[in-house]
Amino acid sequence: MRNLLDITTNRAEAVAEHLASLAMQSLIDEACLSPKPGLVDSRGNGAHQDLTLSLMTRSAHSLEPTFYALALHAWQRQADIALRQQVGKLGREGEQRMMTATGGVNTHRGAIWAMGLLVSACAMLAGSGTADQIAAMAARLAKLPDVAAPRVFSKGLRATQRYRVPGAREEAQQGFPHIIRLALPQLRLSRQQGASEVQARLDALMAIMTSLSDTCVLSRAGLTGLQAMQHGAQRVLRAGGCAQPNGYAALMALDAHMLTLNASPGGAADLLAATLFLDRLVIPAERRR
Ligand SMILES: CC(C)(COP(=O)(O)OP(=O)(O)OC[C@H]1O[C@@H](n2cnc3c(N)ncnc32)[C@H](O[C@H]2O[C@H](COP(=O)(O)OP(=O)(O)OP(=O)(O)O)[C@@H](O)[C@H]2O)[C@@H]1O)[C@@H](O)C(=O)NCCC(=O)NCCS
Ligand SMILES: Nc1ncnc2[nH]cnc12
């Protein structure tokens, strides 16, 4: 007869496998979703010179073991400094895996951060919990200090200081407001209003882009680029979203504008992938079209 420890271990492993697979698939779905303004999608490389869809897909596959390890280590743990350090270490190892898989190209640094925290939070809650509870748990983890983290003056840090805006760190510490308050509600509203799954996902991306201070856009195109992104996305949603002819025309106009500015909302793309992950956790496949 199997003992309780075996049963618990098996359950932790099964849930970790499930979470890692969902996280990887969500990264792939985000990368393939088209047409996305300025971003890599199934049409091409967007504003990027060094990124391709096959590189994004390879990167997503390389990260599945990282998400699995994060879920297993975080299983039914409390948010404390020891777990924060472990998650930080596994996240940095994930960044190394990504770099090895892509030959040194940064494809998913922000996604490892957001998705890694959400996968960990979900495992801390033993694979249950609503999207709000998972995001709140991820925020608790993100607020804890990681003393082992190397001091890096990253592009993101430079942009947040220069423009005095929140970046990826703050988005997580605040409980992912762009996912919980904007993207998930928009995804569900667009589905309810009859949009196709692709159109609903594009609308969710627009909802994020209406207000995110995306440090990728700021680094590449400054405040002009950020305003173009936010106002363009607002125009798409104001026109009724991507399912409406005027909304779709506004999306294509935004794509053209982002390309002329060399702007790419990589942070918004990461948050869309995390939105799809949370959506999948709480909505079974048969209820999605
Ligand atoms: C906390 C960290 C995320 C580090 O953050 P920081 O801001 O200091 O560092 P960056 O290296 O700039 O990474 C931030 C990435 O987060 C995405 N992002 C941007 N804005 C936001 C936002 N407002 N909210 C949420 N997420 C945001 C974005 O990632 C995507 O863009 C990347 C590609 O763009 P870019 O950096 O410009 O690419 P480059 O190739 O360098 O330049 P170009 O040539 O293209 O111009 C791509 O990775 C997308 O994913 C930002 O880049 C975190 O990384 C950290 O501290 N990690 C340590 C490990 C840890 O503790 N992990 C725990 C969880 S596993
Ligand atoms: N589709 C995409 N294109 C460019 N950068 C990204 N970062 C995350 N997803 C991305």
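Both counts, for ligands and for their atoms, begin at 1 and track the order of listing. Please read all numbers here as calculations on a predicted model, not as lab measurements.
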Given that the side chain starts at C-beta and the backbone is N, CA, C, O, which of these parts of [X] lies under 4.0 Å from ligand 1, counting heavy atoms, or is it both or neither?
X	result
Glu95	side chain
Arg109	both
Ala168	both
His178	neither

Contact check, side chains of Arg169 and Leu157, non-hydrogen atoms, under 4.5 Å: yes
[X] neighbourhood, listing ligand 1 atoms whose heavy-atom distance to it stays under 4.0 Å:
X	result
Asp214	19 (C), 20 (N)
Ile112	65 (S)
Ala111	50 (O)
Thr107	47 (C), 48 (O), 49 (C), 50 (O)

Return the option from [options] holding the heavy atom at the smallest distance from [atom].
atom	options	result
atom 20 (N) of ligand 1	Asn262, Val152, Thr215	Thr215
atom 32 (C) of ligand 1	Leu144, Asn106, Leu141	Asn106
atom 16 (O) of ligand 1	Ala69, Ser213, Gly110	Gly110
atom 51 (C) of ligand 1	Cys216, Gly91, Pro177, Gly267	Cys216
atom 59 (C) of ligand 1	Ala263, Gly94, Ala138, Gly88	Gly88
atom 43 (P) of ligand 1	Lys155, Arg169, His48	Lys155

In Å and rounded to the nearest 0.5 Å, what is the OG1 to CG distance from Thr224 to Leu261? 7.5 Å
Less than 4.0 Å is my threshold; does some heavy atom of Ser219 fall inside it relative to ligand 1? no
In terms of side-chain geometry, is the basic nitrogen of Arg191 or Asp203 positioned less than 4.0 Å from the acidic oxygen of its partner? no
Should the pair Arg97-Glu93 be classified as a salt bridge under the 4.0 Å nitrogen-to-oxygen rule? no
Donor-acceptor check, side chain of Gln173 to backbone of Lys143, threshold 3.5 angstrom: yes or no? no
Under the 3.5 angstrom rule, does the side chain of His73 hit a backbone N or O of Ala69 as a donor-acceptor pair? yes
The single option from Ile134, Leu184, Leu272, Asp279 that satisfies side-chain contact (heavy atoms from CB on, under 4.5 Å) with Ile179 is Leu184
Paired with Pro265, the side-chain contact (heavy atoms from CB on, under 4.5 Å) test is passed by just one of Gln230, Met258, Arg220, namely Met258
Check: [X] N/O within less than 3.5 Å of ligand 1 N/O:
X	result
Gly266	no
Leu70	no
Arg84	yes

Where Val87 and Ser120 come nearest, the two heavy atoms and their spacing: CG2-OG, 3.9 Å
List the atom of Pro37, the atom of Met209, and the distance in Å for their closest heavy-atom pair. CG-CE, 4.1 Å
Tell me who clusters with Tyr68, hydrophobic residues only, linked when side chains sit under 4.5 Å apart either directly or through other members. Leu72
Please check if the number of heavy atoms outside [X] that lie under 6.0 Å from its [atom1] is greater than 12.
X	atom1	value
Arg77	CZ	yes
Gln78	CD	no
Arg162	CZ	no

Around [atom], find the nearest protein heavy atom and jot down its residue, atom name and distance.
atom	result
atom 55 (C) of ligand 1	Trp113 CE3, 3.8 Å
atom 49 (C) of ligand 1	Asp270 OD2, 3.2 Å
atom 6 (P) of ligand 1	Ser154 OG, 3.3 Å
atom 45 (O) of ligand 1	Arg220 NH2, 3.1 Å
atom 7 (O) of ligand 1	Gly156 CA, 3.3 Å

Show every salt bridge (charged side-chain N to carboxylate O under 4.0 Å, His left out) that has at least one partner inside residues 21-39, sequence neighbours left out. Asp29-Arg201, Asp29-Arg280, Glu30-Lys36
Results of side-chain contact (heavy atoms from CB on, under 4.5 Å) for Ala149 - residues two or more places apart only: Arg92, Asp146
Classify the side-chain pair Gln193/Ser190 by whether it contains a donor and acceptor separated by less than 3.5 Å. no
Counting only non-hydrogen atoms and a 4.0 Å cut-off, the residues near ligand 2 are Glu30, Lys36, Leu39, Val40, His48, Leu51, Met56, Thr107, Gly266, Ala269, Asp270
